[in-house]
There are 2 protein chains.
Amino acid sequence: MKLEEAQQQFIASWGAFGSHWGINRTMAQIHALLMISADPLSQDDIMEKLSISRGNVNMNIRDLIDWGLVSRIIIPGERKEFFSAEKDIWKVATQIVKERKKRELDPMLRLFDQLEEVEGDKKDKNIKQFTETVSNIRKFGLQADKMLEMMIKADENWFLGNLLKMFK
Amino acid sequence: MKLEEAQQQFIASWGAFGSHWGINRTMAQIHALLMISADPLSQDDIMEKLSISRGNVNMNIRDLIDWGLVSRIIIPGERKEFFSAEKDIWKVATQIVKERKKRELDPMLRLFDQLEEVEGDKKDKNIKQFTETVSNIRKFGLQADKMLEMMIKADENWFLGNLLKMFK
DNA sequence: TTGAATTTTCAAAAATAAGTGAAAGTAAAT
DNA sequence: ATTTACTTTCACTTATTTTTGAAAATTCAA
């Protein structure tokens, strides 16, 4: 397979993947493009390579920066800004985990703390089913939270090494 | 907090959560409703409780069944069909992992196998960056795949016990 | 069979999300 | 201070996804 074609496929596939995970397709594509680019790219480069508008590039780049996945690069002598993606996939993964945990899991767990304290007769089957469900999901969430927290802080080799041991 | 209100909040929150993960809000809400219902519900029950149309309920219920998260219940003497959700959160989680792995991770890994074999001068920095990125993501994906595979097959207590040990 | 109850389908409508491009904003260079 | 190069914003357009509801299909009981 030729490089050009492979690159296109990689970008398309990363974009499709992202869109299944609540990330907009273009944002994932820009991320993909930057990950496989040896040098930082400018907004114009990205517009051209992905055939998208300036406004679109600008907005999605900003989001990627918010997510901590892309950084602005100043190249001395150049007037333009350039952008470059974190290329260490472990760092990418932990960064995404960290953000999603903060934005989604943590608030949900806080809500569930409250929901467990529903008032009423604990023997009523509706109350029982509700508190049981919430409590079980909450326990599961706390475990997940602990594991993700650890992953965020961990060193890649330590983490993968341990997992491997566990699954041997 | 009153049961009614807590239920509403749970359903809303589960729906919002789902929509960040590529699952449509209504589908997640129906799932939430069924998880906290002590008894199986009919299509009409769901329509009424969530104020949505018959067609919508029907389609999303079918999807939930496809995902293995909900099952049809026949109640003797009743003409209608009833529906009930898996309530063991561990089973829910592994079922979701299993399906998403099959639909998303596995095809991506198959694609990456091909992409790594891009033709051309291995010293060209563009080719180098491309193959390196793809190869690293692929390795990471294979690890994740292994871990998820194990999780799918594992018993909850064994899995969580081991994780706990690992993180102690 | 017939027909009432129930489920399923699907074209059209509504809602939501994403993308555009021109205008406004900034900041370096002259 | 003004021009020029570049970045950001946002009202509007376009594309995508979700929902509706009525018609068609199915199921079951008499």
Side-chain angles (χ1 to χ4, degrees), chain A residues 11-12 14-34 39-67 69-84 103-104, chain B residues 11-12 14-34 39-67 70-84 100 103-104:
Chain A
I11 290 169
W14 199 249
F17 194 69
S19 68
H20 282 120
W21 292 82
I23 287 145
N24 103 27
R25 215 175 68 255
T26 305
M27 180 169 156
Q29 287 180 347
I30 293 175
H31 182 228
L33 173 62
L34 290 175
D39 302 310
L41 302 182
S42 68
Q43 287 201 3
D44 294 87
D45 294 335
I46 297 169
M47 286 168 66
E48 193 198 319
K49 296 227 188 194
L50 301 180
S51 314
I52 55 181
S53 74
R54 182 175 303 285
N56 198 6
V57 170
N58 192 276
M59 266 160 48
N60 285 111
I61 280 279
R62 176 148 47 74
D63 282 351
L64 282 165
I65 291 173
D66 285 348
W67 276 82
L69 298 173
V70 163
S71 47
R72 259 175 238 279
I73 304 281
I74 304 298
I75 296 185
E78 285 274 13
R79 186 75 176 272
K80 281 184 191 163
E81 293 180 330
F82 288 78
F83 301 93
S84 149
R103 297 173 195 208
E104 297 160 31
Chain B
I11 290 168
W14 199 249
F17 194 70
S19 69
H20 282 121
W21 292 84
I23 286 146
N24 103 27
R25 217 176 65 256
T26 305
M27 181 169 153
Q29 286 180 348
I30 294 175
H31 183 227
L33 174 61
L34 290 174
D39 303 308
L41 302 181
S42 67
Q43 287 202 359
D44 293 271
D45 295 335
I46 298 169
M47 285 167 65
E48 194 199 319
K49 297 228 185 194
L50 301 179
S51 313
I52 54 180
S53 73
R54 183 178 302 287
N56 200 1
V57 170
N58 191 277
M59 266 160 58
N60 284 111
I61 280 279
R62 175 146 50 71
D63 283 349
L64 283 165
I65 291 173
D66 284 349
W67 276 81
V70 163
S71 47
R72 262 174 235 279
I73 305 280
I74 302 300
I75 296 186
E78 285 274 13
R79 183 75 177 271
K80 283 183 190 167
E81 292 181 329
F82 288 77
F83 301 93
S84 150
R100 298 200 79 152
R103 298 172 194 208
E104 297 159 32

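Every value quoted in this text rests on a predicted model; they were computed, and no experiment measured them. So that the names make sense, note that chain A is the first sequence line, chain B the second, and so on, each numbered from 1.
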How close or far is atom [atom2] of [N] from atom [atom1] of [X], stated in whole angstroms?
X: B:H20; N: C:dT16; atom1: NE2; atom2: P; result: 14 Å
X: B:Q43; N: C:dT9; atom1: CD; atom2: P; result: 11 Å
X: A:I52; N: C:dT20; atom1: CD1; atom2: C1'; result: 11 Å
X: B:I75; N: C:dT6; atom1: CD1; atom2: C1'; result: 15 Å
X: B:I61; N: C:dT7; atom1: CD1; atom2: P; result: 11 Å
X: B:M47; N: C:dT6; atom1: CE; atom2: P; result: 12 Å
X: B:N56; N: C:dT8; atom1: CG; atom2: P; result: 14 Å
X: A:I46; N: C:dG19; atom1: CD1; atom2: C1'; result: 16 Å

| query | With sugar-phosphate meaning primed atoms plus P, OP1 and OP2, does A:S42 contact a base, only sugar-phosphate, or nothing at under 4.0 Å between heavy atoms? | reply |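 Touches nothing.
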| request: By nearest nucleotide on DNA chain C, pick out whichever of A:I23 and A:R79 is the more 5' one. | output: A:I23
| Range on DNA chain D touched by chain B - first to last nucleotide, heavy-atom distance under 4.0 Å | D:dT18 to D:dC28
| Got a donor-acceptor contact below 3.5 angstrom from the A:D45 side chain to the A:S42 backbone? |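 Yes, because the side chain of A:D45 sits within donor-acceptor range (under 3.5 Å) of the backbone of A:S42.
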Would you say the side chain of [Y] lies within less than 4.5 Å of the side chain of [X], judging by non-hydrogen atoms?
X: A:H31; Y: A:I23; value: no
X: B:W21; Y: B:R100; value: yes
X: A:I52; Y: A:I30; value: yes

| Relative to the 5' end of DNA chain D, which residue comes earlier, A:R72 or B:G55, by the nucleotide with the nearest heavy atom? |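 This one resolves to A:R72.
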| remark: Test side chain to side chain contact (heavy atoms under 4.5 Å, CB included), reference A:N60, set A:R25, A:M27, A:Q29, output is A:M27
| field | side-chain N/O B:N58 vs C:dT7 OP1/OP2, d < 4.0 Å | value | no
| request: Examine C:dT9: is either OP1 or OP2 under 4.0 Å from a nitrogen or oxygen in the side chain of B:R62? Give yes or no. | output: yes
| task | Could you tell me whether A:E48 atom CD has more than 12 heavy atoms of other residues or ligands within 6.0 Å of it? | result |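 Count not over threshold, so no.
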| Given the rule in the side chain to side chain contact (heavy atoms under 4.5 Å, CB included) test, do B:Q43 and B:K80 qualify, once you have shown the distances and angles that lead to the verdict? | CA-CA 8 Å; B:Q43 287 202 359; B:K80 283 183 190 167; over 6 Å; no
